[in-house]
Amino acid sequence: MTDGAQSATAPGRTPREVATHCPYCALQCGMTLRADDAGVTVHPRQFPTNRGGLCQKGWTAAELLDHPERLTTPLVRDPATGALEPATWDAALDRVVAGIRAVQDDADRDAVAVFGGGGLTNEKAYALGKFARIGLRTRHIDYNGRFCMSSAAAAGMRAFGIDRGLPFPLADLGRADTLLLVGANPAETMPPLVRWLTEQRRNGGKLIVIDPRVTATARQADLHLQPLPGTDLAVANALLHIALTEGWVDRSYVADRTTGFDAVRRGVAAWWPARAEQLSGVPVADLEATARALGTGGRVIILTARGAEQHAKGVDTVTAYVNLALALGLPGRDGSGYGCLTGQGNGQGGREHGQKADQLPGYRKIDDPAAREHVAGVWGVPADELPGPGVPAYQLLDSLGTPGGPRAMLVFGSNPVVSAPRAARIEGRLRDLDLLVVADLLLSETAAVADVVLPTAQWAEEDGTMTNLEGRVLRRRALRPPPPGVRTDLAIISDLAARLAATEATDANPSDVRPAAVAAARFPADPAAVYAELRRASAGGAADYAGISWDRIDAEDGVYWPCPTEDGPDAPRLFADRFATPDGRARFHPVDHRPAAEQVCATYPLHFTTGRVLAQYQSGTQTRRVAALRRAAPEAFVELHPDLAARLGIDEGDPVRVASRRGEFRAPARLSAGIRPDTVFAPFHYAGAGRANSVTNDAVDPISGMPEFKICAVRVEKA
């Protein structure tokens, strides 16, 4: 263990210092937590991902541990008054179990749904998926990572046979001769990563950014391409068209290591640069300069992020950039490749171990008979008792409370009232449920409409593992136990499993108490025991953690999956010799541009896009309660180009109303020449009147289920 940190599980004492990781983004910066009589303080660590750096969110992360708004007792809604009232744990859990049994007895097992989060530890993600499938025996489970990484994951699986955000270490970014960022703004979303961008440019490398806005990252670029939102795929096809024309395609790599290139070559033949310019607004000269830098650079890396992926054609857009990378011979080459910047803290691990509707632990497909047999064997149940695939997150949320849809939902680590597209509609769906249960540390907007709220431990109060954007499995360590009255998510799952088993046993045999004990043992509250089982369940899968023990993580500053054996190597770099496909070759897939799901018109003449700001994170449940972060970014805003603002009669700071076919939100105007005159931007962290997702489009990608957050048609007027 580094930095003199003490074991969080040493008997008889509470540690005063632990080495752990930031609770926010997928960079998972290393930090040390120290506790004294004055409270808990954060100190950066020299960890490989952040090298001693932290952003403002990381520096202030400990402020929530003793926040006055923290939940420390369960809340149950009083049927008479409609108010959430404090309750005992027994009363709250009895209410949950009674509600679950009522809807399942009246309908079927699938009448209950589970919704997880990309910030949960690997242990909690694994336990939640297991609980849904053999505790509740429902097929309905998905998680908010569907709104984050699903398009890149699907594109990676069909091209490479495996999904890992970065198939190479983060440090490779600093060595790249050319680095292309598509729809990524790490200067605000994960600021310590910018050190690698600075190092890359200091070493003589070229940074190119594709983004509709002049972001903090774009301002650092050597070249900034500013396309119309929703046209990134056309830009990618034009770049490959130029590479083919100029002879920059690595023909030997394509022949030796890939399949399907001819169909892609024929498809991009129609994407001459002038056509892409007409559609996207990116000048031909900039397209040619970008293609030249990619095609003639020594070490070249292409990275995509949410700006390119959160579209109803997100999988095809990512695929177009993967096609470009494969044609240039980048994946598997030292210092080069394609990667995706994962967003949430455990966005990678959270989708590997069972939270996704169609997956079992180890990145196994739930409809694969061999996968079902393996996981069922670890869980001690017949394979035919495992439910089949569920439905993606938005489809699940939109079906709540409707005929044939789930009538009860358990939510862990997510706030869909703010984060889901067409959020007012989803809020209504949640209110339509017979039972909504939310486990959270604060009264989020989703918790505020729940029937039962269960207070959970925070990141510094429980052990576990996280998997960062590199596929590096890390240790999260507890500094202290949770406050009195607060339980961990694992303890809540264990308690619910035991109570559900007990009620079923009572129906069958009132004197038999063994099923509750068996269920509690099957769902342990100890994260070390859960992780040991996770390793067995993942063994042999694409995301194989069998060789990654907690001790090994401690000794090696994290371990990269796949890692099948404890004494064998891990995998910081993938694809050097083969891809994870049956024949070892990567797959090209022809993809073509198609318009956004919603086009501008006379009534809604402007394009709307969303994103993040430096001081806030995700739905803002945590960061909006930190004083320093609230001062830095206190409220939503609407960013408009000065020319557009002048046409609309809007001045800096004026209240603005943004309306789409689905709803509206209001926020002050912020004028910026860094945004296109035909496009409007707002951050998505805010609730209430400033909730940007009230207007976003719920059209989804047919492959990944990703909603089209990044473009819809709106009108803007002075409020």
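FYI, the numbering just counts along the sequence from 1.
The closest donor-acceptor contact from the side chain of Gln28 to the backbone of Met466 lies at 3.5 Å or more, if one exists at all. Under the 3.5 Å distance criterion, the side-chain polar atoms of Arg146 are left unmatched by any main-chain donor or acceptor of Pro392. Between the side chain of Tyr321 and the backbone N or O of Tyr338, no donor-acceptor pair lies under 3.5 Å. With hydrogens and angles ignored, the 3.5 Å screen pairs no side-chain donor or acceptor of Glu708 with any backbone N or O of Asp698. Judged by distance alone, the side chain of Arg351 and the main-chain N or O of Gly347 form a donor-acceptor pair under 3.5 Å. Side chain of Arg213 to main chain of Phe681: no donor-acceptor pair is present (N/O by atom type, distance under 3.5 Å, no hydrogens or angles). Under the 3.5 Å distance criterion, the side-chain polar atoms of Arg587 are left unmatched by any main-chain donor or acceptor of Gly161. Counting only distance, with no hydrogens or angles, the side chain of Lys57 and the backbone of Leu614 share a donor-acceptor pair below 3.5 Å. Not a single donor-acceptor pair under 3.5 Å links the side chain of Asp163 to the backbone N or O of Ala154.
The closest side-chain heavy-atom distance from Trp271 to Leu233 is not below 4.5 Å. Residues Glu188 and Thr217 fail the side-chain proximity criterion, which asks for heavy atoms closer than 4.5 Å. Side-chain contact between Asp142 and Tyr394 is absent, with no heavy-atom pair separated by less than 4.5 Å. Inter-residue side-chain proximity for Leu179 and Leu207 is flagged as met; some heavy-atom pair is nearer than 4.5 Å. With a 4.5 Å cut-off on side-chain heavy atoms, Pro421 and Phe147 count as touching. Residues Tyr363 and Ile162 have side chains not in contact (no heavy-atom distance under 4.5 Å, counting atoms from C-beta outward). In this structure, the side chains of His21 and Thr49 stay at 4.5 Å or more apart for every pair of heavy atoms. Within the 4.5 Å cutoff, no side-chain heavy atoms of Asn468 are placed close to those of Gln348.
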Side chain to side chain contact (heavy atoms under 4.5 Å, CB included) between Phe47 and Met31, intermediate numbers included: CA-CA 8 Å; Phe47 194 75; Met31 60 170 57; over 6 Å; no

Step-by-step side chain to side chain contact (heavy atoms under 4.5 Å, CB included) determination, Val214 to Gln226: CA-CA 8 Å; Val214 182; Gln226 200 168 358; 4.0 Å; yes

Test side chain to side chain contact (heavy atoms under 4.5 Å, CB included) applied to Leu287 and Leu225, step by step: CA-CA 8 Å; Leu287 293 170; Leu225 281 58; 4.3 Å; yes

Side chain to side chain contact (heavy atoms under 4.5 Å, CB included) between Leu469 and Leu27, intermediate numbers included: CA-CA 6 Å; Leu469 75 172; Leu27 199 58; 4.0 Å; yes

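The side chain to side chain contact (heavy atoms under 4.5 Å, CB included) with Cys340 is formed by just one residue from the set Leu303, Val182, Thr304; it is Thr304. When each of Arg306, Lys313, His311 is tested with Glu309 by the rule side chain to side chain donor-acceptor pair (under 3.5 Å), just one qualifies, namely Arg306. Evaluated for a side chain to side chain contact (heavy atoms under 4.5 Å, CB included) with Asn144, the options Gln344, Gln355, Gln618 yield exactly one hit, Gln344. Of the listed residues (Arg333, Arg573, Arg299), just one forms a salt bridge (Lys or Arg N to Asp or Glu O under 4.0 Å) with Asp172, and that residue is Arg573.
A donor-acceptor pair shorter than 3.5 Å can be found between the side chains of Tyr545 and Thr467. Counted by atom type alone, Asn122 and Thr465 present one or more donor-acceptor pairs between their side chains at under 3.5 Å. For the residue pair Thr610 and Asn693, no side-chain donor N or O sits within less than 3.5 Å of a side-chain acceptor on the partner.
Atom CD of Gln599 has more than 12 heavy atoms from other residues, nucleotides or ligands within 6.0 Å. Within 6.0 Å of the CG atom in Asp583, the count of heavy atoms belonging to other residues, nucleotides or ligands exceeds 12. Under a cut-off of 6.0 angstrom, the local environment of CZ in Arg158 is crowded, with over 12 non-hydrogen atoms contributed by other residues, nucleotides or ligands.
A salt bridge is absent between Asp211 and Lys710: the closest approach of a Lys/Arg side-chain nitrogen to an acidic carboxylate oxygen does not fall below 4.0 angstrom. Salt bridge status for Arg201 with Asp222: present, with a side-chain N to carboxylate O gap under 4.0 Å.
When every heavy atom of Ala597 is checked against every heavy atom of Asn697, the shortest pair comes out as CB-ND2, 3.9 Å.
Classified by interplanar angle (parallel below 30°, tilted 30° to 60°, perpendicular above 60°), the ring pair Tyr253/Phe579 is perpendicular.
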